[in-house]
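Input: a single structure, listed below in C-alpha cells.
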Protein chains: 2
Amino acid sequence: MSTFVCAHDNDFSAIAAGGIMGITIKEIAELCGVSQGTVDRALNHRPGISEKTKKKILAVASERNYRPDPVARSLARGRTMTIGVVLFDLYNRSFSQLMNAIEMSSREAGYYVHLMLTNKDPDNEKKCIEHLIHRKVDGIILFPINEGPEFDQYLRMLNIPIVTICNKVSDHWRYVGIDDRQAMKDAMDYVCRKGYERFIYVCPPLAYKGRTNIFTQEERFAGCLQGLRDNGITEQPIVIDTPAYVEALSGIDFRSAPKTAVVCSCDIYALEVMNHLKERGLRIPEDVGVIGFDNIDVLKYVAPRLTTVEYAVEQFGERAVRDIVGQIETGGSEHIPLLPYRIIAGSSI
Amino acid sequence: MSTFVCAHDNDFSAIAAGGIMGITIKEIAELCGVSQGTVDRALNHRPGISEKTKKKILAVASERNYRPDPVARSLARGRTMTIGVVLFDLYNRSFSQLMNAIEMSSREAGYYVHLMLTNKDPDNEKKCIEHLIHRKVDGIILFPINEGPEFDQYLRMLNIPIVTICNKVSDHWRYVGIDDRQAMKDAMDYVCRKGYERFIYVCPPLAYKGRTNIFTQEERFAGCLQGLRDNGITEQPIVIDTPAYVEALSGIDFRSAPKTAVVCSCDIYALEVMNHLKERGLRIPEDVGVIGFDNIDVLKYVAPRLTTVEYAVEQFGERAVRDIVGQIETGGSEHIPLLPYRIIAGSSI
DNA sequence: ATGAAAGCGCTAACAC
DNA sequence: GTGTTAGCGCTTTCAT
C-alpha cells in the first residue's frame, strides 16, 4: 500500500506544470525503456527490481510528475481509497462538526469522503449504504437509524468495514460515542442536588423503537430514570416524547406546582422549551429549571446559559476515521473506549 | 447517457437478492448467447440492435439485477458521475445547510458528492480542486477563497465545469448568490428609517483583499456605504474589521453618544456583538441597535430577536447543482439570476 | 531482475 | 443487427 507517490502526497504541481493529464505508467515504461511491470515494481516499492533501474524510473516519474490514476487503480485493485459517510442530515449542529472532523481526518489518512444523507428514512439508509458499496468505498462510517438483529444481520452480509457512530446497532460493530446513560445519570445527580421535586423529560418519540434506532435516546432516558432513583425520587417523571412537545408542555402548570426541572435529551429541545417558557413569562431557573444535552456551540448566545452535557464531537469523527482506516488497512480494529463528557454548569437550572 | 439501469434508478435489491457482487456484462452476454457489444447496446439503448434480442437481454439483466460497475464505467468513459464540492468548512451554520441541499439535489440528479474542505487556506483550496480533478469528478461547486485574474486563469486552465457559490471569482463563472450589495443597502435604508445617527460596521478583515476572496464581504460593505449616502448620512461609519472586533467594540462608548447602530456583515458577528453589549449592561435596541445578515436558524433562540437579511441557502445548493449538471451533461449553462432575499424585522434595532 | 500478457468491467470503433 | 477488437491505466501472475 505504499506508492512512491502515495495518496498522502501533497504535491499537486502536476497540473500547474504539465497540464491536467498526467503521464501514465506506459509512457514512463517507454521513456525508461523498460516494461510496465518494472515501472510498477519501482513505483510501488515491490521487490524484484534492481536499485539502479528503480532509481531511474523513480527519477523519471518524479520529473514528469507522475500520479497514479485513482480510477484505474480502483478498478485494478478493487479498492477506491474512499470512505462512505452516512448521516441523516447536516442540520443538527453537531453533525456538521462531525462531518467536518471526518473530512479532515480522512484526508490526512489519504482517503476521500463520499457523503450520503438518509433524511431519517430507514429504507433510504440501506439504499445509501448499498450505493456506497456499489461505488466500492473501502469502509463506511455509519450513524445508523435502522436497528435490531435483522439490520445487524444485513450489515454483516455486506461484508465491508463499518464503524457506527452516535447510535449503536449491536456489540458486533465498533461504536464511537460517549456513555450516554452514565452522562445523563450524572446530569440528574447534578439536577437533584439543586432540590427539584418534579421532573419532566422531553425527548424524541420513544415509541419509534422497533422502527428506528434510538439507542442513544434510550440510553439517555435510562440514565435519567436511574439518576432519579439513585437520588431517592420515587415519582416517575412526566415523559413528553411527542414531536409536539412544546404544545404538550403548554398544558402544564409550573407556578403552583412543586419546583420542576425540564430535562431535555438534547439542546435543541431545551432551546425550544426555554423559548416556550419565556413566552409564558416564566423565569428560568427561578420558576422552572431546564437542562439540555450536547452543548451545541450556539448556546453561548442564549440566555440564561443552558446547563448541559458536553463532549467533543470532533473526536468522534477522528476516532471513527482512525478505526475505519485501521479496519481497511490492517483488517483489525481495536476496542474504542467511550469518549469523555462533562457537565457544563449554566444558569438554567 | 441513459442506461437501462441508470444512476437515477432506486432499485438496490441487487444486494439483498444476489449478494454483493453483481453480474457483469460479460456474464449476461454468455447467458444470452450474444457478444458484450450487443449487451452494451441493449443496456445503453444504443441503436443497432433488434427489439427481440434487446428485450431478452434486458430481461436477463433485470432478472439478475445487473448494475453497471461505476468504477469500470468511469475508467472507460472518463467520467465518474460525481460532483466535487469545495467549501472552507462546515462550521458556519449556512454551509451545512448548503451542503445538505447540495447532497440532496445531486443524488436526485444521479450524482455523488465528494466533499473537500479547505480550512480557509488558499493554497489548500487549489490542492482540493486538483485532488478532485485527479479523481475525475465531472464538475466542481466552488466556494472560492482565492481571487483575482490569476486565480481566474488558473480555473480556466483546469478545463472543467465549475460553478461558484457565495463568492464570485469573475463574470466568466456562473455565480449563485444574492445581490449582497443591494441587500445590505436595503438593510441600511431600514436602519436609517429608525433614526440612527452613528454607525459602526463590523466585518471580517477587508484588508484580506488581494490575498483572499472577500467578494461578498466587499459587496455588503459597499451596500452599507451606499445606503448611508442615499439616506443623507455624510459621516463615514466606524469600520471594525479586525478579528478582535469585540475588543475593539469594548473601547467605544454608547451611552453618551449619538444613537448608534452596529451593522454586522453576518449574524455570527451580530450575536457576538450582542453578547458583548449585553455584558456591558447596554439595552438593545434602546441604547444601541444591532443588525445582522444571513438569518441563521439559531436566531430564534436569541433575545432580542435579531433584525437581519434572509435568503434561502438551500436554494443556493439546488441552483448550483442544477447548473453544474447542466454544464456537465449539455455543455451549456444558463444565466443564473441572483436569488431573492428579504429583511427580517426583529427587535434588535 | 525483467518482460509479456492477462485481467479489472465497461465502452466504442470497426468489420461483417 | 451483431460480433470482434482494442482500449481506459493499473495490477498481478507467470515465464524467462
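Reminder, nothing fancy here: chain letters follow the sequence lines and each chain counts from 1. Keep in mind the model is a prediction, meaning the values are calculated, not measured.
Here T38(A) does not reach the OP1 or OP2 of dT2(C): none of its side-chain N or O atoms lies under 4.0 Å away. Side-chain nitrogen and oxygen atoms of T53(A) include at least one within less than 4.0 Å of the OP1 or OP2 phosphate oxygen of dT2(C).
In this structure E27(B) satisfies the side chain to side chain donor-acceptor pair (under 3.5 Å) test together with T24(B), sequence neighbours excluded. In this structure, the salt bridge (charged side-chain N to carboxylate O under 4.0 Å, His left out) partners of R156(A), at least two apart in sequence or on a different chain, are D152(A). Among residues two or more places apart in sequence or in another chain, the side-chain contact (heavy atoms from CB on, under 4.5 Å) test is passed with K168(A) by D171(A), Y175(A), F215(A). Checked against side chain to side chain donor-acceptor pair (under 3.5 Å), S74(B) has no partners two or more places apart in sequence or in another chain. Under the rule for a side-chain contact (heavy atoms from CB on, under 4.5 Å), the partners of S35(A) that lie at least two apart in sequence or sit in another chain are T38(A).
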Donor-acceptor pairs are to be reported for all side-chain atoms of residues 80-91 of chain A against protein atoms at under 3.5 Å, with residues two or more places apart or in another chain.
| residue | atom | partner | partner atom | Å |
| --- | --- | --- | --- | --- |
| T80(A) | OG1 | T82(A) | OG1 | 2.7 |
| T80(A) | OG1 | K136(A) | O | 2.5 |
| D89(A) | OD1 | Y91(A) | N | 2.9 |

I'd like a table of donor-acceptor pairs (distance under 3.5 Å, sequence neighbours excluded) in which one partner is a side-chain atom from residues 318-328 of chain A, with atom names and distances.
| residue | atom | partner | partner atom | Å |
| --- | --- | --- | --- | --- |
| D323(A) | OD1 | S333(A) | OG | 2.7 |
| D323(A) | OD2 | Q327(A) | NE2 | 2.7 |
| Q327(A) | NE2 | I162(A) | O | 3.1 |

Mind listing the N/O atom pairs, protein and nucleotides 12-16 of chain C, below 3.5 Å?
| residue | atom | partner | partner atom | Å |
| --- | --- | --- | --- | --- |
| dA12(C) | OP2 | R46(B) | NH1 | 3.2 |

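Remark on the helix from dA1(C)-dT16(D) to dC16(C)-dG1(D): inter-end axis angle 50°, axes from five-pair C1' superpositions, rounded to 10°.
The CG atom of L43(B) sits 15 Å away from the P atom of dT2(D) (whole-angstrom rounding). For the pair K26(B) NZ and dT5(D) P, the computed distance is 14 Å after rounding to whole Å.
Comparing atom distances between the L75(B) side chain and each of dG9(C), dC10(C), dT2(C) picks out dG9(C) as nearest.
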